[in-house]
Amino acid sequence: MDFLTEFPSLGKRDLRDLKKTIDGSFREWSRTYGDAIEAFFDPLYFFLVWLEKLLIAAPWPIILILVASFAYLGSRSWKLALGSVISFMLIGYFGMWKDMMATISLISVATLICIAVGIPIGILMSRYDRVQSAITPILDLMQTIPIFVYLLPVVMLLGIGRVPGLIAVCVYALPPIIRLTNLGIRLVDKEILEAADAFGSSYRQKLFEVQLPLALPNIFAGVNQTIMMALAMVVIASMIGVKGLGMPVLQAVQNQYLTLGLMNGLAIVALAIIFDRVSQRYGQRLQAHRFGKEHE
Amino acid sequence: MDRDFKLIGLVRNMSEAKLKIKNLFKIFGNKGRSFISSVEKGMSKQELLDKHGHVLGLNNINLDISEQRIQVIMGLSGSGKSTLIRHINRLIEPTSGEIYVDNENVLKMSQSELREFRRKKTSMVFQKFALLPHKTVAQNVAYGLTIQGVSEGEAKERSHKWIDSVGLAGFEERFPAQLSGGMQQRVGLARALATDAPILLMDEAFSALDPLIRTDMQNILLELQKELHKTIVFITHDLDEALRIGDNIAILRDGKVIQKGDPQNIIMNPADDYISDFIKDINRSKVIEIRSIMQKGTTKGSSLKSSCSLEDALKTLNSEKDKQCNVVNEEGKKIGKVTLDAAINALLRDKSTKSLEKYK
């Protein structure tokens, strides 16, 4: 009867040995190559530190002007620009200016990396069905695997600090932009593509003149999602030593500082809302030509 | 259009058809090639689908398309007409067969040769316009030129006159979504004309438009054709449209050409019941030209042009004493005569009513 109630499993000792072997060999591997991999990410580290220092060192009025003009250029709305400036001033007034600058620098770099990596992958996926079916499960994995599970090897390899934090954020924030780039290109009207072919477009011409411009609204929805997910990762990234608004939240959780947690949490929400609204408005303006029914 | 000219044209065109389609087959499905011989032996479209899960797109198409003429390819939906036109610029690869343009085999072209061919030799107008929604009218019209690598300034300049000629001056900076359907298709037409390609492929180009605007567009096309003399392949499911603009008509059914030639000939001598039924609703008095019922000899009465419709001829014929008129060509030369009896006979001829169910 034992056979039916106990699921046949690997013996305890075997299991332990298996885990030990894998752990040991990964540790060995990370000892051997850790420095080289760390050196590979050095430029990224220096850029991150440089940007963070720049933002913190810059006089705050200049930052406010930049925020206002970024918000206005993106959304063409005075209200949104004004709202952004007020939120920034409030966050600064409550003593979170430096942390906010650190978070913004992390989010910006993470978003840039995701765009630079994600859009080309999305394009490849849209062009080749094989690439699509190979990458889709990887994206599923990236989005569902518990964050701590991949945080662990990253920390073992690179220690704690900004770069492993950045990598963790990117792993989590990359899938939406890849998916939406692929989807956006695949959704482009078949007849328009046929027209491009009929006039003798090369693949490159078709991609840059037709597919990407028409997929832009979707691609931009992907960028928006990527920013949002990067912001959502701020607190978790602080667990491996990333400075910014996440750190005080983590402290608050550990010590039951209600106000501290609430203030920093709200600051993250404010940032998220600003980034979201500005990038969404910008995305909408990209497809303005679709709504221009002036002849009626 | 007089018959002598047409005959000469016919003789000339036989030797130098602009576009020749030979034994063209298209069978959709993974193993299309293996079914060609059975289709050649007479397997029907339905049988191929039921037994083998393959769709017969085109069945042994042979068609010579004359230079500078409008060749209409007509058929109902599913007859393969859109598939056929897409073979000419190889948007669809055939299962087997040959397509020659200026005696060059399109199907043997490499990818880069094919691109060059599509850029310089053919251009296309689409049923749903297929304009680039993110580009202005001017940019859309210049699209074919920019693809060829013509500089932006020159492309704009060269496309300008085509925007004018389709009556869109003043709309250059609008986006397609801001235009009505008819105007959008004008953009489509101007875009196709702007590359100066000698062959124009029109895939149900006017089918999505209202009847009045459709007539407008047909007029624009015929007007332009008088100057441009393009070789036009025009797909339609509308018989009136086919008769109106076609110099030649080919009728497609289940991927097979069942009759081709002069539209007058198709009306006077429909090849089978399917075609008789197809043409039974047309206004014969307007469509049939008297050259189709012309007889040998001359008469004393007045003269009618060979392209005169029966409707216009009846009145004149009836007013003549002997109910006969001379037929003259475009230059005014007498080429035969026509009688009232023949005209009335042509109006009455209608075999289809008794055989409505037959072709099913």
Side-chain angles (χ1 to χ4, degrees), chain A residues 76 119 122-123 126-130 133 180-181 183-223 280-296, chain B residues 82 85-86 88-92 111-137 139-140 142-149 171 173-184 188 191-192 194-195 197 199-203 208:
Chain A
R76 292 290 149 87
I119 291 182
I123 291 171
S126 71
R127 184 171 188 187
Y128 304 106
D129 286 340
R130 272 173 191 226
S133 46
L180 281 157
T181 302
L183 181 75
I185 293 177
R186 282 175 185 268
L187 284 182
V188 170
D189 189 349
K190 291 284 171 296
E191 213 180 31
I192 294 179
L193 290 180
E194 208 171 37
D197 280 334
F199 281 93
S201 297
S202 61
Y203 173 71
R204 185 176 270 270
Q205 284 171 326
K206 209 161 66 177
L207 182 67
F208 287 106
E209 297 260 322
V210 183
Q211 289 174 311
L212 282 181
L214 291 180
L216 217 47
N218 271 317
I219 294 176
F220 217 78
V223 173
Q280 263 191 24
R281 291 280 182 88
Y282 184 70
Q284 280 167 8
R285 282 202 297 123
L286 286 177
Q287 41 181 341
H289 56 81
R290 289 178 190 224
F291 304 112
K293 291 254 176 195
E294 274 177 24
H295 70 97
E296 282 168 349
Chain B
S82 287
I85 200 172
R86 276 166 178 68
I88 295 172
N89 58 0
R90 242 175 89 184
L91 287 176
I92 298 179
Q111 280 303 315
S112 62
E113 282 170 333
L114 180 64
R115 265 205 301 278
E116 206 49 33
F117 168 78
R118 286 171 176 171
R119 287 176 186 179
K120 299 282 168 65
K121 287 272 178 78
T122 66
S123 59
M124 197 159 180
V125 184
F126 294 85
Q127 179 174 12
K128 290 180 200 131
F129 323 135
L131 302 175
L132 303 171
H134 60 296
K135 297 195 177 217
T136 61
V137 168
Q139 287 170 330
N140 263 295
Y143 178 69
L145 293 171
T146 52
I147 290 298
Q148 291 176 15
F171 290 94
E173 297 311 315
R174 299 286 186 95
F175 285 104
Q178 298 171 320
L179 304 177
S180 64
M183 286 167 96
Q184 288 190 39
R191 172 175 73 175
T195 60
I199 298 174
L200 187 57
L201 305 173
M202 304 186 74
D203 180 27

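Quantities reported herein were computed from a predicted structural model and do not represent experimental measurements. All chains are named by letter (A, B, ...) in the order of the sequence lines, taking the proteins before the strands, and each is independently numbered beginning at 1.
Nearest approach of A/Leu214 to B/Pro133, heavy atoms of both residues: CD2-CG, 3.4 Å. Closest approach of A/Glu191 and B/Phe129 over heavy atoms only: OE1-N, 4.3 Å.
The 12-atom threshold is not exceeded at NZ of B/Lys128, counting heavy atoms of other residues, nucleotides or ligands nearer than 6.0 Å.
Heavy-atom proximity under 4.5 angstrom to chain B picks out A/Glu194, A/Ala195, A/Ala196, A/Asp197, A/Ala198, A/Phe199, A/Gly200, A/Ser201, A/Ser202 from residues 194-203 of chain A.
Between atom CG of residue B/Leu131 and atom CG of residue A/Asp189 there is a gap of 10.5 Å, rounded to the nearest 0.5 Å.
Only the side chain of B/Arg86 comes within less than 4.5 Å of a heavy atom in chain A; its backbone stays farther off. Neither the backbone nor the side chain of B/Phe117 comes within contact range of chain A; no heavy atom of the residue lies under 4.5 Å from a heavy atom of that chain. In this structure, chain A has a heavy atom under 4.5 Å from the side chain of B/Leu91, while its backbone stays farther away.
Remark: B/Phe171 engages no residue in a ring pair (Phe, Tyr, Trp, His ring centres under 6.0 Å) (not counting sequence neighbours). Remark: A/Glu209 pairs with B/Lys135 by the side-chain hydrogen bond (donor to acceptor under 3.5 Å, both in side chains) rule, at least two apart or across chains. Remark: B/Glu116 engages B/Lys120 in a side-chain hydrogen bond (donor to acceptor under 3.5 Å, both in side chains) (not counting sequence neighbours).
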